[in-house]
Number of protein chains: 2
Amino acid sequence: MALTDNQRAVLSFIQHYIAENDVSPKLQEIAEGIGIRSRGVAHRYVQALVDAGFLAIDRGRHRGIRLLKEHSHTPPHKDTMPLLGKIAAGSPIEAIPGEDEINLTDFFGKNNFAVRVQGDSMVDAGIYDGDIAIIEFRETANNGDIVVALIDEQEATLKRFKSTPHGRFIQLVPENRGMETMVYEASRVRIQGVLVGQLRKYT
Amino acid sequence: MALTDNQRAVLSFIQHYIAENDVSPKLQEIAEGIGIRSRGVAHRYVQALVDAGFLAIDRGRHRGIRLLKEHSHTPPHKDTMPLLGKIAAGSPIEAIPGEDEINLTDFFGKNNFAVRVQGDSMVDAGIYDGDIAIIEFRETANNGDIVVALIDEQEATLKRFKSTPHGRFIQLVPENRGMETMVYEASRVRIQGVLVGQLRKYT
DNA sequence: CATCATGTTCTCAATTTGTTCTCGTTAATG
DNA sequence: CATTAACGAGAACAAATTGAGAACATGATG
């Protein structure tokens with residue numbers, strides 16, 4: 001039996017909600033999630049999905065919806081990529097399972113976030129406009145690190161970090177011939193993270 | 001058995017409290033922690049968590065709650081990273097769950113593999129020795145693509161691809177002033193993949 | 001021991017949520 | 001036109017969940 005558009009929407013909403021929150025949504029939330037106001041209607045959809053075999057419910061229980069099959073549209077989402085040491089000469093490349101699978105957090109570490117780089121101030125370090133910078137949360141940096149620095153609690157910028165001998169001043173050095181080093185009192189600069197990697201995507 | 005919203009809140013509060021203070025909270029503190037006033041109610045939640053197997057209590061003892069399983073908030077293994085559009089000025093950066101989580105395969109695509117780049121032949125394209133190149137499996141390329149090419153079934157190399165007008169010859173162009181373009185008969189060159197992205201890790 | 005703080009058990013009431021209905025609207029179809 | 005299906009709103013009810021606080025038992029402490 002085929003599902004109606006709204007039934008599919010509800011199913012999808014529930015799947016995403018559970019993926020995100022580990023618990024099922026309430027009928028009220030489902031209703032809002034698909035843009036209606038009536039709990040009763042939401043219940044009707046859920047019941048239809050139960051009849052169709054996609055869901056089960058603990059009757060009466062709050063948040064009592066359970067997903068049944070991985071009927072879902074999610075093929076067991078693979079999040080890794082094989083890393084080949086050398087491109088095998090001769091034979092067509094084969095991904096040897098378990099060869100060495102890398103993923104984002106294994107490769108760069110855990111306590112990180114990503115930001116899209118805007119501007120050309122670091123081109124000479126190989127960091128281009130549009131690249132994604134991988135930043136580790138940290139509040140301190142060593143001389144020579146490339147950091148995300150917040151200036152006057154206002155402007156965030158990616159620059160190479162240098163501290164003057166007595167630590168009174170901080171230099172933020174662009175890697176771009178043609179741009180000039182900026183110098184601030186240490187109190188005006190707050191380090192938000194240190195560059196640990198970068199991504200680039202060619203389109 | 002599934003937990004109710006407040007039961008989860010209490011469990012989370014206890015976990016955090018213990019992580020912070022090394023001892024379990026008293027019922028009064030639990031109550032305040034989740035925004036209620038009644039010790040009795042707090043006790044009811046704790047008892048429910050005991051029944052569900054998350055906690056144990058030394059009956060009567062003050063601060064007598066113990067955590068059981070690492071049922072806790074151990075994320076199985078996170079493979080994504082938050083992508084921040086802009087670094088929020090002012091406040092410390094917070095990872096907003098679901099903000100925009102990227103992972104390797106989402107970002108670069110599916111049918112890919114990774115190779116460590118050896119040599120400096122592409123430095124002027126911003127591809128450095130030691131970078132990881134993300135390659136999409138393909139056997140054909142367009143002029144201007146950066147490809148992994150296998151020459152004489154022997155040597156694999158990363159270069160920019162150009163085909164001569166009639167397709168008889170293939171130029172493999174390094175992006176490095178000081179290195180020269182290589183030209184081969186088309187039959188000697190096999191494309192193994194096209195560069196779609198790259199990673200760099202700073203150590 | 002005396003006292004207080006804390007844990008435990010209980011009842012009562014309020015609120016939230018799930019469930020079942022009816023009603024009206026719209027669109028498609030014969 | 002009559003019929004049917006899908007849809008949305010919302011009322012009404014039952015049950016789950018929640019909150020307050022009294023009363024008592026027991027641990028902690030000087």
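So you know, we letter chains A, B, ... as the sequences are listed, proteins then strands, and number each from 1.
- Proximity of a side-chain donor or acceptor of A:Asp124 to a complementary backbone N or O of A:Arg177 within less than 3.5 Å is detected.
- In this structure, CD of B:Glu29 is placed 8 Å from P of C:dG7, rounded to the nearest angstrom.
- Protein atom NE2 of B:His43 is 18 Å distant from nucleotide atom P of D:dA22, rounded to whole Å.
- Computed from coordinates, the B:Lys26 NZ to C:dC4 C1' distance equals 11 Å when rounded to whole Å.
- Looking at heavy-atom distances under 4.0 Å, B:Ser38 makes contact with a base.
- Summarising the geometry, the separation between CD1 on B:Ile57 and P on C:dT9 is reported as 8 Å, rounded to the nearest angstrom.
- Rounding to whole angstrom units, CD of residue B:Glu32 and P of D:dA20 are separated by 12 Å.
- Under a 4.0 Å N-O distance rule, the pair A:Glu29/A:Arg63 qualifies as a salt bridge.
- Ranking C:dT6, D:dT18, C:dT8 by closeness to the B:Arg59 side chain, first place goes to C:dT8.
- Here D:dA16 is the nucleotide among D:dA16, D:dA9, D:dT18 with the atom lying nearest to any side-chain atom of A:His62.
- Residue A:Tyr45 places none of its side-chain N or O atoms closer than 4.0 Å to OP1 or OP2 of D:dA6.
- A donor atom on one side chain and an acceptor atom on the other are not found under 3.5 Å apart for B:Asp120 and B:Tyr128.
- At whole-Å resolution of the value, CZ in B:Arg61 and C1' in D:dA25 are 14 Å apart.
- The separation between B:Arg63 atom CZ and D:dT29 atom P is 10 Å, rounded to whole Å.
- Base contact: A:Arg44 has a heavy atom under 4.0 Å from a base atom.
- Using a 4.0 Å cut-off, some side-chain N or O of B:Arg37 falls inside it from OP1 or OP2 of D:dA20.
- Within 4.0 Å (heavy atoms only), B:Arg39 reaches at least one base atom of the nucleic acid.
- Taking side-chain N and O atoms only, A:Thr4 has no distance below 4.0 Å to OP1 or OP2 of D:dA5.
- No donor-acceptor contact under 3.5 angstrom links the side chains of B:Glu136 and B:Asn112, judged on distance only.
- Residue B:Gly40 is classed as a base contact, given a heavy-atom separation below 4.0 Å to a base.
- Residue B:Ile36 is classed as a sugar-phosphate contact, given heavy-atom separations below 4.0 Å to backbone atoms only.
- Here the P atom of nucleotide C:dT16 and the CD atom of A:Gln28 are 11 Å apart, to the nearest Å.
- Ion pairing between A:Arg160 and A:Glu175 holds under the 4.0 Å rule for side-chain N and carboxylate O.
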